[in-house]
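Since we're looking at a predicted model, the values are computed, not measured. Both ligands and their constituent atoms are indexed starting at 1 by order of listing.
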Amino acid sequence: MADTQLTLTERTPGVCMKTIDELIQDGVEGKRVFVRADLNVPLEGTTITDDGRIRAVAPTIAKLAAAGAKVIVASHLGRPKGAPDPQFSLAPVAGRLGEILGKNVSFATDTVGDSAKATVAATANGEVTLLENLRFNAGETSKDDAERGAFADELARLADLYVGDGFGAVHRKHASVFDLPARLPHAAGDLIATEVGVLKKLTEDVKRPYVVVLGGAKVSDKLGVIDNLLEKADRILVGGGMSYTFLKAKGHEVGISLLQEDQIPVCLEYLARAEQRGVEFVLPVDVLVSADFPDLKTKAPANPETVSSDAIPADKEGLDIGPKTRELYAAKLADAGTVFWNGPMGVFEHPDYANGTKAVAQGLLDSDGFTVVGGGDSAAAVRTLGFDEEAGGRRKFDHISTGGGASLEYLEGKTLPGLAALED
Ligand SMILES: Nc1ncnc2c1ncn2[C@@H]1O[C@H](COP(=O)(O)OP(=O)(O)O)[C@@H](O)[C@H]1O
Ligand SMILES: O=C(OP(=O)(O)O)[C@H](O)COP(=O)(O)O
């Protein structure tokens with residue numbers, strides 16, 4: 001993108017963060033630089049199915065290593081419960097990061113324990129070490145300031161400088177995102193600079209109609225952003241796991257679909273407010289349902305049934321939007337001046353439930369609007385479904401953001417803990 005050469009300060013007046021180039025100018029040779037990345041990539045067993053988040057932060061790591069820093073990279077992966085859990089190990093990511101960087105990446109089998117201390121101590125100038133999953137430690141995500149602070153103290157002992165570049169996690173008030181930069185001289189990495197630069201455009205210069213598409217599975221996390229979007233968007237299209245709480249709020253049965261029962265009153269309030277404000281609020285008219293969640297490993301045929309969204313059987317769950325909804329959403333995207341999309345329309349990881357997500361991806365590309373796709377899984381979906389490059393033969397998305405919740409909260413105008421912590 002043309003403006004990625006601007007410094008962060010130039011892009012975001014009033015937000016004063018040191019850039020990584022300024023940090024390097026001050027001298028990083030021989031210094032241990034802690035890079036908080038978002039390497040929360042989709043895995044099937046130990047196979048990384050989309051490495052976009054690793055590639056997105058690699059230039060920051062490479063730049064620091066080239067300047068002679070001892071680069072200590074850290075991230076979360078998934079949502080382990082504050083203790084080691086092998087299915088969420090970052091070990092596969094170390095290998096892939098090494099391939100992308102073209103150099104060995106040492107892996108510490110814990111985050112602040114003996115392995116981390118020894119591996120960091122053995123990291124030479126220009127070399128890279130990856131720590132094990134930050135969320136294997138309860139202090140990382142704790143709501144208790146003292147517990148988070150104590151974990152940040154332990155992390156701080158491993159480093160001399162801090163670079164925040166995990167854009168996908170900047171909305172989290174977590175130890176490595178919020179508390180650690182308060183303890184070390186810090187700067188913003190190049191990925192954060194690019195993300196903030198592009199998303200800022202969506203808060204300032206919005207060509208209308210402004211269409212927001214929401215889906216995915218993190219329903220309780222993301223429902224709240226609609227409150228603010230009702231003041232900004234002209235049209236909101238809802239699909240994926242997010243849609244069933246709205247359908248239930250409208251009085252429809254949703255069977256065993258993803259449901260946030262306690263949010264039904266909130267959904268009703270959003271629907272009423274959308275009507276008052278003249279915001280078009282569009283829900284699926286049909287859905288693909290099945291009694292079983294599909295096998296994402298074997299991808300065995302799931303044989304879903306298409307039903308009207310007001311006729312979901314009691315023993316079935318909705319796993320994708322249906323064909324009529326695909327057409328409807330494509331039509332609602334066609335005249336968009338600006339589109340922001342977070343959250344797949346279905347369980348796109350299985351081919352029988354990928355068509356809704358494909359239709360929305362194609363809808364964005366067929367519009368003449370400024371198009372932004374955000375979110376770990378949404379970005380993975382557009383890449384794994386073949387929509388990343390010259391998709392549709394016409395054009396690309398204007399921006400694929402590494403953050404879903406982070407970009408939504410940025411667009412809300414919220415103060416994001418991981419950005420605030422990087423300000424000088
Ligand atoms: N109807 C549905 N039921 C269950 N899971 C769904 C449904 N629709 C989408 N998903 C799942 O949502 C996940 C992505 O959600 P989320 O993490 O919120 O998106 P992102 O990472 O893009 O922000 C995918 O793994 C997808 O399988
Ligand atoms: O995948 C992420 O967010 P996203 O699904 O909103 O894109 C980030 O890695 C944050 O993960 P979290 O939502 O478990 O804090």
**Q** For ligand 1, which atoms, with element, lie under 4.0 Å from some heavy atom of Gly241?
**A** 1 (N), 2 (C), 7 (C), 8 (N)
**Q** Please step through side chain to side chain contact (heavy atoms under 4.5 Å, CB included) for the pair Val71 and Val35, ending with a clear verdict.
**A** CA-CA 7 Å; Val71 190; Val35 178; 3.7 Å; yes
**Q** Return yes or no for this condition: an N or O of Gly405 is under 3.5 Å from an N or O of ligand 1.
**A**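 By distance alone, the answer is no.
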**Q** Does any donor atom in the side chain of Asp310 or Ser308 lie under 3.5 Å from an acceptor atom in the other side chain?
**A**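 Yes, because at least one side-chain N or O of Asp310 sits under 3.5 Å from a partner of the opposite role on Ser308.
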**Q** Quick one: look up the protein heavy atom nearest atom 6 (O) of ligand 2 and list residue, atom name and how far away it is.
**A**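 Its nearest protein heavy-atom neighbour is Gly405 N, 2.7 Å.
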**Q** State whether a side-chain donor-acceptor pair under 3.5 Å links Thr129 with Thr123.
**A** yes
**Q** Give me the residue, atom name and distance of the protein heavy atom closest to atom 15 (O) of ligand 1.
**A** Ala217 N, 2.9 Å
**Q** Test Val93 against every option in Val105, Leu130, Asn40 by the side-chain contact (heavy atoms from CB on, under 4.5 Å) rule and name the one that passes.
**A** Leu130
**Q** Which atoms from ligand 2 have a heavy atom of Gly404 less than 4.0 Å away?
**A** 4 (P), 6 (O), 7 (O)
**Q** Answer yes when Arg273 and Glu231 have at least one side-chain N-carboxylate O distance shorter than 4.0 Å, and no when they do not.
**A**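 Answer for the salt bridge query: yes.
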**Q** In terms of atom number and element, which parts of ligand 2 are under 4.0 angstrom from non-hydrogen atoms of Gly375?
**A** 7 (O)
**Q** Which residue from Glu409, Arg79, His171, His174 reaches closest to atom 12 (P) of ligand 2 through any of its heavy atoms?
**A**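 The residue whose heavy atom sits nearest atom 12 (P) of ligand 2 is Arg79.
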**Q** Taking atom types as modelled and ignoring hydrogens, do the side chains of Glu140 and Ser176 form a donor-acceptor contact shorter than 3.5 angstrom?
**A**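 Yes - a donor-acceptor pair under 3.5 Å links their side chains.
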**Q** Relative to each other, are the rings of Tyr162 and Phe34 parallel, tilted or perpendicular (30° and 60° limits)?
**A**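 Tyr162 vs Phe34 ring planes: parallel.
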**Q** What protein heavy atom sits nearest atom 5 (N) of ligand 1, and how far away is it?
**A** Val347 CG2, 3.8 Å
**Q** Ligand 2 and Asp38, any nitrogen or oxygen pair closer than 3.5 angstrom?
**A**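 Such a contact does occur with ligand 2.
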**Q** With heavy-atom distances below 4.0 Å as the criterion, list the atoms of ligand 2 near Gly376.
**A** 7 (O)
**Q** Flag the pair Asp286 and Lys324 as a salt bridge only when some basic side-chain nitrogen lies within less than 4.0 angstrom of an acidic carboxylate oxygen.
**A**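 No, this pair does not count.
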**Q** Report yes if some N/O of Lys222 lies less than 3.5 Å from some N/O of ligand 2; otherwise report no.
**A** yes
**Q** Going by the atom numbers of ligand 1, which of them fall below 4.0 Å from some non-hydrogen atom of Gly240?
**A** 1 (N), 8 (N)
**Q** Output the list of atoms in ligand 2 that are nearer than 4.0 Å to some heavy atom of Asn40, sorted by atom number.
**A**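 So the answer, numbered in order with elements, is 1 (O), 2 (C), 8 (C), 9 (O), 11 (O).
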**Q** Do Asp320 and Lys358 meet the salt-bridge criterion of a basic N to acidic O distance under 4.0 Å?
**A**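 No, Lys358 and Asp320 are not salt-bridged.
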**Q** Which option wins on minimum heavy-atom distance to atom 24 (C) of ligand 1: Lys218, Met242, Glu349?
**A** Glu349
**Q** Quick check: are there more than 12 heavy atoms from other residues, nucleotides or ligands sitting under 6.0 Å from NZ of Lys103?
**A**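 Above 12, so yes.
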**Q** Checking a contact table here: which protein heavy atom is nearest atom 10 (N) of ligand 1, and how many Å away?
**A**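 The protein heavy atom lying closest is Gly346 O, 3.9 Å.
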**Q** Which heavy atom of the protein is the closest neighbour of atom 3 (O) of ligand 2, given with residue, atom name and distance?
**A**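 Its nearest protein heavy-atom neighbour is Lys218 NZ, 3.3 Å.
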**Q** Using distance alone, decide if ligand 1 has a nitrogen or oxygen within less than 3.5 Å of any nitrogen or oxygen in Ser378.
**A** yes
**Q** Going from OH on Tyr410 to OG1 on Thr415, what distance comes out if it is rounded to the nearest 0.5 angstrom?
**A**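 It is 11.0 Å, given to the nearest 0.5 Å.
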**Q** I'd like to know if the side chain of Glu195 pairs up with that of Thr402 as donor and acceptor (distance under 3.5 Å, no hydrogens or angles considered).
**A**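 Yes, side-chain donor-acceptor contact under 3.5 Å.
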**Q** When rounded to the nearest 0.5 angstrom, what is the spacing between CD1 in Ile72 and CG in Leu161?
**A** 11.0 Å
**Q** Are any of the N/O atoms on Arg135, whether in the backbone or the side chain, positioned under 3.5 angstrom from an N/O atom of ligand 2?
**A**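 Among all N and O atoms of Arg135, at least one is under 3.5 Å from an N or O of ligand 2.
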**Q** Against heavy atoms of Gly318, which atoms of ligand 1 measure under 4.0 Å?
**A** 1 (N), 2 (C), 3 (N)
**Q** Which of the numbered atoms in ligand 1 are below 4.0 angstrom from a heavy atom of Lys222?
**A**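 The list of qualifying atoms is 16 (P), 18 (O), 19 (O), 20 (P), 23 (O).
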**Q** Show which atoms of ligand 1 fall inside a sub-4.0 Å distance from at least one heavy-atom site of Tyr244.
**A**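 Listed by number with element: 1 (N).
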**Q** Please identify which atoms of ligand 1 are closer than 4.0 Å to at least one heavy atom of Asp377.
**A**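 Listed by number with element: 14 (C), 17 (O), 19 (O), 20 (P), 21 (O), 22 (O).
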**Q** Looking at Glu327, I want to see if its CD is surrounded by more than 12 non-hydrogen atoms of other residues, nucleotides or ligands under 6.0 Å.
**A** no
**Q** For ligand 1, does Asn342 get within less than 4.0 Å through its side chain, its backbone, both, or neither, judged by non-hydrogen atoms?
**A** side chain
**Q** Show which atoms of ligand 2 fall inside a sub-4.0 Å distance from at least one heavy-atom site of Arg172.
**A**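 Once the distances to Arg172 are compared, the set is 12 (P), 13 (O), 15 (O).
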**Q** So that I can tick it off, tell me whether Lys201 and Asp398 are bridged by a salt bridge, with the cut-off set at under 4.0 angstrom between side-chain N and carboxylate O.
**A** no
**Q** Find all atoms of ligand 2 within a distance of less than 4.0 Å from any non-hydrogen atom belonging to His76, and give their numbers and elements.
**A** 8 (C), 9 (O), 10 (C), 11 (O)
